[in-house]
Protein chains: 2
Amino acid sequence: MAHQIAAQKRESSSPTVILESFLPYRLNVLASLTSNALAQIYAERFGLSIPAWRVIATLGQYEYRTARDIASHGVMHKSTVSRAVASLEQRGLIVRKPNQDDRREEWLELTEEGREIYEALAPEALAFEDRFVSVLTEEEQKVLAALIDRLSGHARLLGPEGEVEG
Amino acid sequence: MAHQIAAQKRESSSPTVILESFLPYRLNVLASLTSNALAQIYAERFGLSIPAWRVIATLGQYEYRTARDIASHGVMHKSTVSRAVASLEQRGLIVRKPNQDDRREEWLELTEEGREIYEALAPEALAFEDRFVSVLTEEEQKVLAALIDRLSGHARLLGPEGEVEG
DNA sequence: ACAAATTCGTTGCGCATGCAACTAAATAGG
DNA sequence: CCTATTTAGTTGCATGCGCAACGAATTTGT
């Protein structure tokens, strides 16, 4: 490392955002780190994008769900989900089943092949999570989960009005 | 709400990723929520993108830093930072100062105008953070910060080899 | 001292993303 | 009923992004 500059604080009177302790920044950095690492698994092995993986993961857990459910649950834009769904359908990994009670929406469901991919991916995702949280004790993991829960619930209320519901 | 489907668990033998407790997913959802909400502030008021805000925030805190420092610190791609820097320079919010000791890199610094924007933005960012963490007690905030610290440090090691250094 | 490898930063390119406008369907209000 | 509003999902468009290749400067190894 050629250079290594000391943390040069300012002498100003106006308030300073200390990035190292600024929560939105830190959360995004941590989320990026985990996303990037996890994305390697499902991108390199199955050519899945992040939205595509989320669709598959949701349907793997819930059997069927609508695009709207997936979008709001994962805080994704509906067009993002729409395109992921189209691509997964074309690859034969999911199918759409029109909802007769409300023909605007469609139930999404994994095909056999889609479920095979999910069942191959799920253990790897869980293993990754294990590695990832292995620096924390069981107790700390529970505490962290609870704190994230509280913050997420609160943040869904602060955000742009429309995009809520879980 | 027209429909509301019960959490329909599967009877399968293979492992299932429970998204509601899957940490990478939850972290990204929470990060998206905070990012989106915070982005409204600096996008609508000053036309800043997320990378641009990060450059300004870094230089607001550190006086000067290179593009590379900013990228690795915030886990951003170097091309993302390069373009944010170019745009901020064109808007007259930052200047580049060639480093005579290593003429590959350049020191970046806020202009007067850039600092004015920073000083307008910083209090709002801090106020947002306050609102955001107000569901947690002081003690819980400290615990959360410490847990994120540990995880981030650990995650930088798990990730793609190149992209580390803080 | 010199060739090979590494590093900082830029840029062309293809792709993904968000926005806004749109269609089709459902709901609300009078 | 019939119109106005809301909602699920799609798509054109412009912008932003990551990748990979590149130029210039520096470091390494011999």
Side-chain angles (χ1 to χ4, degrees), chain A residues 1-5 28 32 35-36 39-40 43-44 47-55 64-90 94 96-108 159-165, chain B residues 1-5 28 32 35-36 39-40 43-44 47-55 64-90 94 96-108 159-165:
Chain A
M1 293 304 108
H3 55 225
Q4 191 72 289
I5 296 84
N28 273 282
S32 295
S35 259
N36 293 346
Q40 281 202 315
E44 287 177 3
L48 296 177
S49 66
I50 293 181
W53 147 255
R54 286 186 173 189
V55 170
Y64 35 86
R65 206 113 286 209
T66 70
R68 180 184 169 279
D69 294 331
I70 298 172
S72 69
H73 191 272
V75 192
M76 292 185 285
H77 198 272
K78 60 182 181 171
S79 62
T80 306
V81 176
S82 173
R83 283 186 264 250
V85 164
S87 138
L88 289 170
E89 183 190 31
Q90 198 156 21
I94 69 176
R96 310 177 192 241
K97 296 196 168 180
N99 176 6
Q100 297 301 352
D101 292 351
D102 185 341
R103 277 149 52 223
R104 288 172 302 181
E105 66 183 21
E106 298 164 303
W107 296 112
L108 305 173
E161 312 79 54
E163 316 242 347
V164 190
E165 179 189 328
Chain B
M1 281 330 83
H3 54 224
Q4 191 72 287
I5 296 83
N28 273 281
S32 295
S35 259
N36 293 347
Q40 281 202 314
E44 286 176 3
L48 295 177
S49 65
I50 292 181
W53 147 255
R54 287 186 172 188
V55 169
Y64 34 85
R65 207 112 285 211
T66 69
R68 180 184 168 278
D69 293 331
I70 298 172
S72 69
H73 191 272
V75 192
M76 292 184 285
H77 197 272
K78 61 183 181 170
S79 63
T80 305
V81 176
S82 173
R83 284 185 262 249
V85 164
S87 138
L88 289 170
E89 184 190 31
Q90 199 156 21
I94 69 176
R96 310 177 192 241
K97 296 195 169 181
N99 176 6
Q100 296 301 352
D101 292 351
D102 185 341
R103 278 146 53 220
R104 289 172 303 183
E105 66 182 23
E106 298 164 303
W107 296 112
L108 305 173
E161 312 79 54
E163 316 242 345
V164 190
E165 179 191 324

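Labels below follow one simple rule: chain letters A, B, ... track the order of the sequence lines, proteins then strands, and each chain is numbered from 1.
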- Message: Rounded to the nearest 0.5 Å, what separates atom CD in A:Glu105 from atom CZ in A:Arg68?
- Response: 8.0 Å
- Task: Map A:Lys78 and B:Ala86 onto DNA chain C by nearest heavy atom, then report which one ends up closer to the 5' terminus.
- Result: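 Taking each residue's closest nucleotide, the earlier one in sequence belongs to B:Ala86.
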How many Å lie between [atom1] on [X] and [atom2] on [N], as a whole number?
| X | N | atom1 | atom2 | result |
| --- | --- | --- | --- | --- |
| A:Asp101 | C:dA26 | CG | P | 9 Å |
| A:Glu106 | C:dA26 | CD | C1' | 15 Å |
| A:Asp102 | C:dT27 | CG | P | 6 Å |
| A:Arg54 | C:dT17 | CZ | P | 11 Å |
| A:Arg65 | D:dA8 | CZ | C1' | 16 Å |
| B:Glu89 | C:dG9 | CD | P | 13 Å |
| B:Asn99 | D:dT26 | CG | C1' | 12 Å |
| B:Ile70 | C:dC8 | CD1 | C1' | 13 Å |

Does OP1 or OP2 of [N] have a side-chain N or O of [X] closer than 4.0 Å?
| X | N | value |
| --- | --- | --- |
| A:Arg68 | D:dA8 | yes |
| A:Arg103 | C:dT27 | no |
| B:Arg96 | C:dT10 | yes |

For the residue pair [X] and [Y], what are the closest heavy atoms and their distance?
| X | Y | result |
| --- | --- | --- |
| A:Ala84 | A:Ala52 | CB-N, 4.0 Å |
| A:Arg54 | A:Gly74 | NH1-O, 2.9 Å |
| A:Ala67 | A:Leu108 | N-CD1, 3.8 Å |

- side chain to side chain donor-acceptor pair (under 3.5 Å) with B:Ser35: which residues, sequence neighbours excluded?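 Partners of B:Ser35 by the side chain to side chain donor-acceptor pair (under 3.5 Å) criterion, ordered by chain and then number, come out as A:Asn28.
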- Message: Counting only side-chain heavy atoms from C-beta out, which of C:dT6, C:dG9, D:dG9 sits nearest to A:Ala67?
- Response: D:dG9
- Message: Nearest to the side chain of A:Ser82, heavy atoms from C-beta on, is which of D:dA25, D:dT6, D:dG9?
- Response: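 The listed nucleotide nearest to A:Ser82's side chain is D:dG9.
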- Who pairs with B:Arg96 by salt bridge (charged side-chain N to carboxylate O under 4.0 Å, His left out), at least two apart in sequence or on another chain? B:Glu89, B:Glu106
Produce the list of close N/O pairs, under 3.5 Å, pairing protein atoms with atoms of nucleotides 13-18 of chain D; give distances to one decimal.
{"unit_1": "D:dG18", "atom_1": "OP2", "unit_2": "B:Thr80", "atom_2": "OG1", "d": "2.0"}
{"unit_1": "D:dG18", "atom_1": "N7", "unit_2": "B:Arg83", "atom_2": "NH2", "d": "3.2"}
{"unit_1": "D:dG18", "atom_1": "O6", "unit_2": "B:Arg83", "atom_2": "NH2", "d": "2.8"}

- Task: Output, in order, the C-alpha distance, side-chain angles, deciding distance and verdict of side-chain contact (heavy atoms from CB on, under 4.5 Å) for A:Asn36 and A:Gln40.
- Result: CA-CA 6 Å; A:Asn36 293 346; A:Gln40 281 202 315; over 6 Å; no
